[in-house]
Amino acid sequence: MAWQAYVDNLIATGHVDKAAVFGHNGAVWAASAGWGVKPEEYKAIATSWSNSDAVRANGIKLAGDKFMVIRADDQAVLGKKNATGVVIVKTKQAFVLGYHNDKQQIGNTNKEVQKIADYLIEQNY
């Protein structure tokens, strides 16, 4: 499956508004069209992943919006900004990122992003 298909499948669940898959080096493999996430924002997530205390303290920045981190561990980071939020899950070679709008719930977004991440881990990605 092409990387864009994973992004499209996440959005098709109805629990993810925008999504991306990017490498541990911050290089984007696939992303929602028109989502203004900057390359340096992906790279910042990738390079700061191993320091969850710093991630909690500094938050996550995507498309110029800063998200307060509500959970950060070796596997996943969840962030909120008002009624919107992000879920980022690390696989062996990539990160799977899902954004939910104010009509979606972070728990459902987390479940869907985790499903894709688990599949990628099974496939050695």
Side-chain angles (χ1 to χ4, degrees):
M1 186 182 303
W3 294 113
Q4 190 62 42
Y6 293 103
V7 168
D8 296 343
N9 285 342
L10 278 170
I11 293 166
T13 67
H15 298 297
V16 177
D17 188 47
K18 298 172 185 145
V21 179
F22 59 102
H24 288 179
N25 63 355
V28 179
W29 297 359
S32 295
W35 193 17
V37 180
K38 297 175 184 162
E40 58 267 22
E41 292 173 330
Y42 289 116
K43 188 166 183 149
I45 292 168
T47 58
S48 66
W49 193 268
S50 61
N51 188 347
S52 58
D53 289 337
V55 172
R56 281 188 205 94
N58 299 322
I60 298 168
K61 201 167 190 185
L62 290 171
D65 290 326
K66 185 174 180 181
F67 293 83
M68 177 183 71
V69 172
I70 57 174
R71 174 183 155 201
D73 57 37
D74 291 345
Q75 185 182 18
V77 172
L78 281 68
K80 294 285 285 179
K81 180 182 180 193
N82 301 321
T84 65
V86 295
V87 175
I88 308 165
V89 179
K90 184 178 182 182
T91 70
K92 293 176 183 178
Q93 299 181 40
F95 294 95
V96 181
L97 186 157
Y99 165 87
H100 73 82
N101 63 34
D102 61 351
K103 299 190 180 15
Q104 298 164 319
Q105 300 295 318
I106 199 164
N108 293 330
T109 304
N110 186 34
K111 181 176 122 184
E112 299 301 335
V113 171
Q114 190 65 57
K115 277 187 209 175
I116 296 290
D118 287 346
Y119 175 76
L120 292 175
I121 290 167
E122 288 173 9
Q123 304 304 310
N124 289 315
Y125 281 103

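Remember, predicted model here, so these are calculated numbers, not experimental data.
- Judged as a side chain to side chain contact (heavy atoms under 4.5 Å, CB included), and not counting sequence neighbours, the contacts of Ser52 are Arg56, Ala72.
- Although no hydrogens or angles enter the test, the distance criterion places no donor-acceptor pair under 3.5 Å between the side chain of Thr109 and the main chain of Val16.
- Pairs passing the salt bridge (charged side-chain N to carboxylate O under 4.0 Å, His left out) check and including a residue from residues 7-18, sequence neighbours excluded, do not occur.
- The shortest heavy-atom contact between Ala46 and Gly23 is CB-O, 4.1 Å.
- With sequence neighbours excluded, the residues forming a side chain to side chain contact (heavy atoms under 4.5 Å, CB included) with Gln93 are Trp29, Tyr125, listed by chain and number.
- Counting Ile, Leu, Val, Met, Phe, Trp and Tyr side chains that sit under 4.5 Å apart, directly or through other members, Val37 shares a hydrophobic cluster with Phe22, Val28, Trp35, Tyr42, Ile45, Trp49, Val55, Ile60, Leu62, Phe67, Val69, Val77, Val86, Ile88, Phe95, Leu97, Tyr99.
- Taking both residues in full, the closest heavy atoms of Ile11 and Ser32 are given as CD1-OG, 3.2 Å, listed atom of the first, atom of the second, then distance.
- A 4.5 Å side-chain heavy-atom check between Tyr119 and Thr91 finds every atom pair outside the cut-off.
- Summarising the geometry of Asn25 relative to Ala27, their closest heavy-atom pair is OD1-N, 2.9 Å, with the distance given to 0.1 Å.
- One finds the CD1 atom of Ile116 at 5.5 Å from the CG atom of Asn9 (value rounded to the nearest 0.5 Å).
- Counting non-hydrogen atoms of other residues, nucleotides and ligands closer than 6.0 Å to NZ of Lys92 gives a total above 12.
- Val21 approaches Ala94 most closely through the heavy-atom pair CG1-CB, 4.1 Å.
- To the nearest 0.5 Å, the span separating NZ on Lys115 from OG1 on Thr13 amounts to 8.0 Å.
- Separation of atoms CG (Asn124) and CD (Glu122) is listed at 10.0 Å; rounding is to 0.5 Å.
- Not a single donor-acceptor pair under 3.5 Å links the side chain of His15 to the backbone N or O of Leu10.
- Other residues, nucleotides and ligands contribute more than 12 heavy atoms inside 6.0 Å of the CD atom of Gln123.
- For residues 35-48, no residue pair satisfies the salt bridge (charged side-chain N to carboxylate O under 4.0 Å, His left out) rule, not counting sequence neighbours.
- Between the side chains of Asp118 and Gln114, at least one donor N or O sits under 3.5 Å from an acceptor N or O.
- Among residues at least two apart or in separate chains, salt bridge (charged side-chain N to carboxylate O under 4.0 Å, His left out) pairs with a member in residues 71-84 are Asp65-Lys81, Arg71-Asp73.
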